[in-house]
Amino acid sequence: MDAETLDLARLQFAITSGAHFLFVALTLGLAVVVAAVQTRATASGSDAHWRMTRFWGQLYVINYGMGIVTGLVMEFQFGLSWSGLTTVAGDVFGAPLAMEALVAFFIESTFLGLWIFGWGRINRWVHLALLWVVALTAYASAYWVIAANGWLQNPVGAERRGDRMVLVDRAALLANPDALIALAHVAGAGLLAGGLFVAGVSAYHLRRRGADEEVFRRSLRTGLIVAAPAALFTVGVGFNQFRVVAGHLPMKYAVSRGDTAERERLQAELAARFGPGDYSPPDWIDIPAALMINLGTVLLVLTAVNLALAYRTRAGAVTRFCRRLLTWSIVLPFVAAVAGWVFREVGRQPWAINQVLLTEDALSPSVSAGSMRLTLIAFTALFAALIALDAWLLARYARRGPEGATLGVPPVPDEEPEPVPQF
Amino acid sequence: MDILAIGLLAVAAVGYFVLAGTDLGAGMALFFLGRDARERRLVIAAFAPFFLGNEIWLILTAGLLIGLLNGLEEALFGALYESIAVLLVGWVVRDAGLWLRGRLGAPLWQLFWDGAITAGSWTVTGAWGWAVGTVLLYRLDPPGSLFPLIGVAATWVLFGLHGLAFAVLRLRGAPYERARTVAGPSGERVTFALTSIGMAVIPLVVGARLPLRESVTESASFVAVTTAVLLPVLVAAQAWVWWLFRHRVTAPTYL
């Protein structure tokens, strides 16, 4: 294997997972908001609540579709580029990925289809329950994926036999502290992204004094009630995460703090254990870390201030200015999330599995640089187009307001109705 | 445990080829069945409620491959890198088309994504032909020859017929008549049953050429038993979808 293929494979993985996570973050947050709104609509039967459900549900579905499409490529990345990972640790690492497909995504996909296409054809309480299952399985999906990722950071519950890792303690794998705290951080970030999206779009409409003020007044509060606590939670968990991660990735901690003495001590220790080599991540990992932390703080303040202002009936200049900021800030949680993932994944380098397998040894041995470059170009072009289309469609549908939602609108029969059972 | 692991993998793979074969085949025939945008939207409506639940069987297959037979996963991806990459590109383009097509009313937008759905469907099924042909001819040690491309024509025919047989059961009016000219000489359900068997044979003959028993993961039992226990639930959930949308389509859906 050569250095060029390795770089291309790493870039490909970074772009695939980064692109996928942009969609996932919004999906995680919006799913809960839409489910909560639909619960109120189902219970109250109020027309405003149903308009809210269809409007936010429409945006959720647009984003969800793009998320699935990028997720497909994600699952195949391990086989295509990183077969060394499965050679050494497939026994351990494969289980959570298989469970993700089995107990989370399978039900999520099937029920989401039922929710979209069964609108008006299923009992409304059952229809509501479907969405809650979709929302819960989205978080279950996140748990399994992060359990797999957390094991790469902190490979617990397994031991080396020959040149392979074997699972010896399943409970340790499932309750990996690195994974659990990362899940909390990611779930919080998703809720922040989704809540802020809802609040920011609502603020736009309230500023414009467009139609359906009731929908957006309620939505603004709902979005902020989700986003402000989520921001506090995400930031709080994030600071605690440093302590947890420092335990098993001390080198990452030392480099991100610029602690040169500690870094040299660890380098000597790791070189003594694993042979000569550079065992520290790149120096620049403190940049994405700082970006994430600063954005988290900004968002915490912004959402808290807006939450305090959300119950004012008359919006003065200050309120209007804060709401304008809210709309502009929709993009910030996504920047923070990608920065966070860069910090997490690059910070683990040079390891694919911390202190078990080097990234360069995880690369698929048979793939040439040419093939890797070709797939990198193809996937990158596709993802760039999908991100652009998603953002553009979300903005378009968000601007059009509840009238523009086509989700949950009864279809107009084409010819004579009279359905005939076929199966 | 070996038998259970291999059996589950077979169920997932057969599930994918039989179920997703319907929407991939119908997608290939989109412009044949639907001559204008309205008709094409009806053809899409014929498989719209199912396609998400259909493709998930391949995600499950890949998941089980990683969780139960990871030695094989590695060899398979190494041997089939190019065809899998093509498959993924086609899959992304096709699904993007399905999700995006109905979001704008502009005729050019819809025509573009109809084209993407069709091209993507041909790409995915062609990539399957390439992959299947490679395994059947060379197992896991392909010399990089072009012979496996024979498989492309074969899967195109199989997927196409399966999609049309499905369309015959789901559509009405002119698109139904067009599907019937190709796929309807015998009874409609008999044809669909036959094409389904044809689709199911594809993963089974591929499996017969692969070193399955040698590849089962040491600690496969956890994933295998969980899968075996949950599979009836997953099948029941999907059966509900098929039951709910069993009527012939009369109107466009969300897509």
message: Please classify the contact between A:M74 and chain B as side chain, backbone, both or neither, with a heavy-atom cut-off of under 4.5 Å.
response: neither
Contacting region of A:I68 [heavy-atom separation from chain B under 4.5 Å]: side chain
message: Check whether B:E74 reaches the backbone of A:G79 with its side chain - one donor and one acceptor, N or O, closer than 3.5 Å.
response: no
- request: Just give me the residue among A:A95, A:S109, A:G84, A:S81 that pairs up with chain B most often, heavy atom to heavy atom, under 4.5 Å.
  value: A:S109
- prompt: Who wins among A:L112, A:L80, A:L374 for the most heavy-atom pairs under 4.5 Å with chain B?
  reply: A:L80
- prompt: Considering only heavy atoms from C-beta outward, does the side chain of B:L104 approach that of A:R396 to under 4.5 Å?
  reply: yes
Partner chain B: residue of A:V103, A:L97, A:T87, A:L72 with the largest heavy-atom pair count (under 4.5 Å): A:L72
statement: Among residues 230-239 of chain B, those lying within the under-4.5 Å heavy-atom range of chain A are B:L230, B:L234, B:A237, B:Q238
message: Using the rule given for side-chain contact (heavy atoms from CB on, under 4.5 Å), can you reason through A:F379 versus B:L88, listing the C-alpha separation, both sets of side-chain angles and the distance that settles it, and then say yes or no?
response: CA-CA 9 Å; A:F379 291 142; B:L88 287 175; 3.9 Å; yes
query: In terms of side-chain heavy atoms, does B:Y81 have a donor or acceptor partner in A:T375 at a distance below 3.5 Å?
result: yes
task: Can you label the angle between the B:F245 ring and the A:F117 ring as parallel, tilted or perpendicular, going by 30° and 60°?
output: perpendicular
query: Counting distance only, does the side-chain N/O of A:R121 pair as donor-acceptor with the main-chain N or O of B:L244 below 3.5 Å?
result: yes
query: What pair of heavy atoms forms the shortest contact from B:G63 to A:A98, and how long is it?
result: O-CB, 3.2 Å
Residues from residues 380-389 of chain A approaching chain B under 4.5 Å (heavy atoms): A:L382, A:L386, A:L389
task: May I ask you to name which of A:V73, A:T70, A:T406 has the most heavy-atom pairs under 4.5 Å with chain B?
output: A:T406
- request: First locate atom CG of B:L255, then atom CD1 of A:I116, and finally report the distance between them rounded to the nearest 0.5 Å.
  value: 7.0 Å
- prompt: Picking from A:S366, A:G113, A:S371, A:G118, which has the most non-hydrogen pairs under 4.5 angstrom with chain B?
  reply: A:S371
message: Is the distance from the ring center of B:W57 to that of A:F106 below 6.0 Å?
response: yes
query: Parallel under 30°, tilted from 30 to 60°, perpendicular over 60°: which one fits the rings of B:W91 and A:F76?
result: perpendicular
query: Could you walk me through whether B:Y254 and A:V61 pass the side-chain contact (heavy atoms from CB on, under 4.5 Å) check?
result: CA-CA 10 Å; B:Y254 171 76; A:V61 170; 3.6 Å; yes
- request: Using non-hydrogen atoms and a 4.5 Å limit, figure out which bit of A:F111 sits close to chain B: side chain, backbone, both or neither.
  value: side chain
